[in-house]
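Taking it in order: structure first as structure tokens, then the write-up.
No experiment lies behind these values; they were computed from the predicted model shown. First the proteins, then the strands, lettered A, B, ... as listed; each starts at 1.
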Number of protein chains: 2
Amino acid sequence: MAMISINLRDSRPIYEQVKDAFRRLIISGALTPEEKLPSVRELAAQLVINPNTIQRAYRELEAEGYISSIPGKGSFACAKSSIDDSRVRELLKVFDDSVTELLFLGKSPGELKSRIDGKGDAQK
Amino acid sequence: MAMISINLRDSRPIYEQVKDAFRRLIISGALTPEEKLPSVRELAAQLVINPNTIQRAYRELEAEGYISSIPGKGSFACAKSSIDDSRVRELLKVFDDSVTELLFLGKSPGELKSRIDGKGDAQK
DNA sequence: TTACTGTACCACAGAACCTAATACAGCATG
DNA sequence: CATGCTGTATTAGGTTCTGTGGTACAGTAA
């Protein structure tokens, strides 16, 4: 039942941790399209944080297209087809920048490529 | 002479923008090892921001091993051999996470690999 | 000496983050 | 209908982060 967990001692904002956690669940397939997420109040109670913080995470996840919230019903995971294109562009920039710096620091292109192949099946 | 520029309307902290800017200069080779960076006060005057903000950026870049600051002399770019290992681990995590999400969103492994190859010569 | 360098410290303002409490409307169940 | 859930919005307050402004000290070089 404890779908996600957060770390109050982390420097990253709680709402960002919540966003990342649900993105991972969706990416890994642990949360399938149309599947219901915990309600704002329920999750806030589980994590012992304020409902407003959860609401912010859900609102931003919805803006990215990862989830869809319906008043009175709940929040639900979306199919990947509905994820916003700007999210892809953002990720590509992160990818490119990390590659550039890793290559500079001595990593070989082959080593980075093999890391991509390692993602086929196991999700960690 | 304007080595870097910052955007006050950006949501990211100024000192983070400064850090990224100098990392890019070093990575691209525009700033070679032992080369001198602008002084704290000089750069602050150029960018019209507070010297303390520059100082923070320099301090953190030094902790990562990208630059070395010597009281009375100045701050200088370092050779890549002195960059901290934790920076590499951090970058690998960013790389892996972006790959996982990009693959989920429909990008093919081949497309990502070709992006790695595109970094051999041109730098942006 | 003079002028530059990095570094440290303090106080202050504004923004971001988070909490707390309340309220309203939509949906589903009995 | 009525109860209880759902998302959503609003207001207020506290804490932390970010950035500014000013001052000070020590090391380096002309």
Donor-acceptor pair, side chain of A:S82 and main chain of A:G65, under 3.5 angstrom: yes
Rounded to whole Å, how long is the line connecting atom CD of A:E62 with atom C1' of D:dT6? 13 Å
Criterion side chain to side chain contact (heavy atoms under 4.5 Å, CB included) against B:I67, the qualifying member of B:Y58, B:F22, B:F76: B:Y58
If the condition is salt bridge (charged side-chain N to carboxylate O under 4.0 Å, His left out), which residues does B:R12 pass it with, not counting sequence neighbours? B:D20
Could you tell me whether the side chain of B:Q17 and the main chain of B:N7 form a donor-acceptor pair under 3.5 Å? yes
With a 4.0 Å heavy-atom cut-off, tell me which residues in residues 8-17 of chain B come close to DNA chain D, sorted by residue number. B:P13, B:I14, B:Y15
Give a yes/no on whether any side-chain N or O of A:K73 is located under 4.0 angstrom from OP1 or OP2 of D:dG7. no
Write down the distance between CD (A:E42) and C1' (D:dT6), rounded to a whole number of angstrom. 11 Å
Could I get the full list of salt bridge (charged side-chain N to carboxylate O under 4.0 Å, His left out) partners for B:E90, not counting sequence neighbours? B:R87
Whole-Å distance between D:dG21 P and B:Q55 CD? 16 Å
How many Å lie between CG on A:L47 and P on C:dC17, as a whole number? 18 Å
Does any donor atom in the side chain of B:Y15 or B:R56 lie under 3.5 Å from an acceptor atom in the other side chain? yes
Listed nucleotide nearest any side-chain atom of B:S39, set D:dT20, C:dT5, D:dT6: C:dT5
Separation of D:dA9 P from A:I54 CD1 (nearest whole Å): 16 Å
Between A:F95 and B:F95, does the ring centre distance come in under 6.0 Å? yes
Dump every N/O contact between nucleotides 21-25 of chain C and the protein below 3.5 Å, one line per pair.
from   : atom 1 : to    : atom 2 : distance (Å)
C:dA21 : N6     : A:N52 : ND2    : 3.4
C:dA23 : N6     : A:R41 : NH2    : 3.3

Calculate the interatomic distance between B:L43 atom CG and D:dG19 atom P; express it in whole Å. 14 Å
B:T53 side-chain N/O to D:dT20 phosphate OP1/OP2 under 4.0 Å: yes
Atom-pair distance (CD1 on B:I6; C1' on D:dT20), nearest Å: 13 Å
Presence of A:S75 side-chain N/O under 4.0 Å of D:dG7 phosphate oxygens OP1/OP2: yes
Any pair counted as salt bridge (charged side-chain N to carboxylate O under 4.0 Å, His left out), so long as it reaches residues 65-85 of chain B, sequence neighbours left out: none
Looking at B:S69, does any N or O in its side chain come under 4.0 Å of the phosphate oxygens OP1/OP2 on C:dT7? yes
To the nearest angstrom, the CZ-P distance between A:R59 and C:dC17 comes to 11 Å
Residue pairs passing the salt bridge (charged side-chain N to carboxylate O under 4.0 Å, His left out) test with at least one member in residues 103-116 of chain B, sequence neighbours excluded, are A:D96-B:R115, A:D117-B:K113, B:K107-B:E111
